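What you see is a predicted model, and the numbers here were worked out from it, not measured in a lab. Indexing begins at 1, ligand by ligand and atom by atom, following the structure's order.
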Amino acid sequence: MGETDSFFSNKSAKIFVAGHRGLVGSAIVRKLQSLGFTNLLLRTHADLDLTRQSDVESFFADEKPHYVVLAAAKVGGIHANNTYPADFIAINLQIQTNVIDSSYRHGVKKILFLGSSCIYPKFAPQPIPENALLSGPLEPTNEWYAVAKIAGIKMCQAYRIQHGFDAISAMPTNLYGPNDNFHPENSHVLPALMRRFHKAKVEGAKEVVVWGTGSPLREFLHVDDLADAVVFLLGNYSGLEHVNVGSGKEVTIKELAELVKEVVGFEGELVWDSSKPDGTPRKLMDSSKLASLGWNAKISLKDGLIDTYKWYLENVKQ
Ligand SMILES: NC(=O)C1=CN([C@@H]2O[C@H](COP(=O)(O)OP(=O)(O)OC[C@H]3O[C@@H](n4cnc5c(N)ncnc54)[C@H](OP(=O)(O)O)[C@@H]3O)[C@@H](O)[C@H]2O)C=CC1
Ligand SMILES: C[C@H]1O[C@H](OP(=O)(O)OP(=O)(O)OC[C@H]2O[C@@H](n3cnc4c(=O)[nH]c(N)nc43)[C@H](O)[C@@H]2O)[C@@H](O)[C@@H](O)C1=O
């Protein structure tokens, strides 16, 4: 049995899912549980602050997890990235450095680090292949976060090269789904619009403001698809290069806004606030490497939106 087969064969392996209450971490926990994994190691931010090196070190020394999925990070949309650059670079560098290094030093068999499609240059070739990394200047609204994420990829590569540590990196496109952050300003576009359209519908408002020009293109992936891909990579990939994880489908922000409006059932008008930044004009990832390994996304944007709105109505205080 090869090294990559062993992940699925031991359902009692101790797996530390860092960030298990977030959008991504919670979906990975659901996926692992549905596959029968019984020994998940979970710590809230309050229980274990991953920016604290000595606490992380003690945690790994005590618990000795077999596998680690690093889904804890300082995360936010275009406004948060643009407003809190120091937090985005410092917190992410601290978390990933502590977790990757302690994982290596305490005998973790494999770690999966989560980056983001914002690692690529603002004007990367489309669809963006993995080898476009570091081939041009970054998008200014999120370059601080992107630099931290690039450092995470490079740290995984360095530990593999120098120590033979099985550290892999997955680069998801824009994600959405249950447990997303629906904050009015600091969230990503999809949850922000869902909340705004819902509020407008309930209050009988005539207009909803949407940021930017509506022309940027984005690729969206439901977080349950991402969780499926993460588990697939844990079982099937042990390479040096990071792996793109996308749906292969892109929409303009205007098309997204119209679709969210339809799913929520808001009947008023859209008003565009062009004083807000558009960010990267287009970032469709080339996910053919992952497809060649045998994985493809399954959930359509429309179905994913319907599922997410249902979750929002049942779980988010209105
Ligand atoms: N959302 C998206 O569209 C995308 C996300 N990604 C990546 O996926 C990963 C997860 O993102 P997502 O799930 O969206 O983010 P969330 O904000 O939903 O979740 C992040 C989790 O990390 C925890 N966390 C943050 N700081 C610390 C800390 N210092 N110590 C311990 N835990 C901490 C948070 O806990 P608490 O809330 O209590 O602070 C939260 O549970 C990130 O690496 C992100 O870059 C990649 C591409 C797109
Ligand atoms: C995942 C990814 O997410 C971020 O990059 P982004 O794709 O630019 O993210 P976003 O979802 O915030 O915006 C997408 C587009 O949508 C427009 N937009 C309209 N109306 C709203 C709105 O109400 N809120 C937000 N946030 N955006 C809006 C907005 O102006 C922009 O044109 C980075 O964190 C980056 O680091 C990263 O990794």
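- Close N/O approach between H45 and ligand 1 is found [any backbone or side-chain N/O within under 3.5 Å].
- Under a 4.0 angstrom heavy-atom cut-off, G115 registers as being in contact with ligand 1.
- Any N or O atom pair closer than 3.5 Å counts here, and P172 shares no such pair with ligand 1.
- For ligand 1, the polar-atom distance check against D49 finds a nitrogen or oxygen pair separated by under 3.5 Å.
- Distances from ligand 2 to the non-hydrogen atoms of V210 include at least one value under 4.0 Å.
- Regarding atom 29 (C) of ligand 2, its nearest protein heavy-atom neighbour is P277 O, 3.8 Å.
- Residue I95 has no N or O atom closer than 3.5 Å to an N or O atom of ligand 1.
- Taking a distance limit of 4.0 Å, we find that atom 34 (C) of ligand 1 is approached by no protein heavy atom.
- Between atom CG of residue L193 and atom NE2 of residue H188 there is a gap of 12.5 Å, rounded to the nearest 0.5 Å.
- At least one heavy atom of R196 sits closer than 4.0 Å to an atom of ligand 2.
- By the 3.5 Å distance cut-off applied to N or O atoms, L50 is counted among the residues near ligand 1.
- Heavy-atom separations between K283 and ligand 2 include at least one value shorter than 4.0 Å.
- Short contacts between ligand 2 and G77, defined as distances under 4.0 Å to a heavy atom of the residue, involve ligand atoms 12 (O), 34 (O).
- The ligand atoms of ligand 2 that sit less than 4.0 angstrom from a heavy atom of C118 are 35 (C), 36 (O), 38 (O).
- Residue T173 places a heavy atom less than 4.0 Å from ligand 1.
- Under a 4.0 Å heavy-atom criterion, K74 is not in contact with ligand 1.
- With respect to D228 and K298, a salt bridge is recorded, a charged nitrogen being found less than 4.0 Å from a carboxylate O.
- Atoms of ligand 2 found under 4.0 Å from any heavy atom of D278 (numbered from 1 in listed order, with element): 31 (C), 32 (O).
- Close contacts of ligand 2 with Y145, meaning ligand atoms under 4.0 Å from a residue heavy atom, involve 36 (O), 38 (O).
- Annotation: K149 places an N or O atom under 3.5 Å from an N or O atom of ligand 1; distance criterion only.
- Counting the atoms of ligand 2 from 1 in the order shown, those under 4.0 Å from a heavy atom of A192 are 22 (C), 23 (O), 24 (N).
- Within the listing of ligand 2, atoms 33 (C), 34 (O) sit less than 4.0 angstrom from a heavy atom of G76.
- Looking at ligand 1, you'll find an N or O of Y145 within less than 3.5 Å of one of its N or O atoms.
- For ligand 2, the atoms closer than 4.0 angstrom to any heavy atom of N174 are 1 (C), 7 (O).
- An N or O contact shorter than 3.5 Å is missing between P216 and ligand 2 by distance.
- The closest approach between any non-hydrogen atom of R218 and ligand 2 is below 4.0 Å.
- Residue, atom and distance of the protein heavy atom nearest to atom 38 (O) of ligand 2 are S116 OG, 2.5 Å.
- Contact check on K261 versus E267 returns no salt bridge, with no Lys/Arg side-chain nitrogen under 4.0 Å from an Asp/Glu carboxylate oxygen.
- Distances between N or O atoms of L70 and those of ligand 1 include no value under 3.5 Å.
- Counting only heavy atoms, the protein gets under 4.0 Å from atom 30 (N) of ligand 1.
- Looking at D273 and K276, a side-chain N of the basic residue comes within less than 4.0 Å of a carboxylate O on the acidic one, giving a salt bridge.
- Between K109 and D166, none of the side-chain N atoms (NZ, or NE/NH1/NH2) sits under 4.0 Å from a carboxylate O, so this pair counts as no salt bridge.
- Judged by the shortest distance from any of its heavy atoms, N181 lies outside the 4.0 Å radius around the atoms of ligand 1.
- The closest protein non-hydrogen atom to atom 11 (O) of ligand 2 is V189 N, 2.8 Å.
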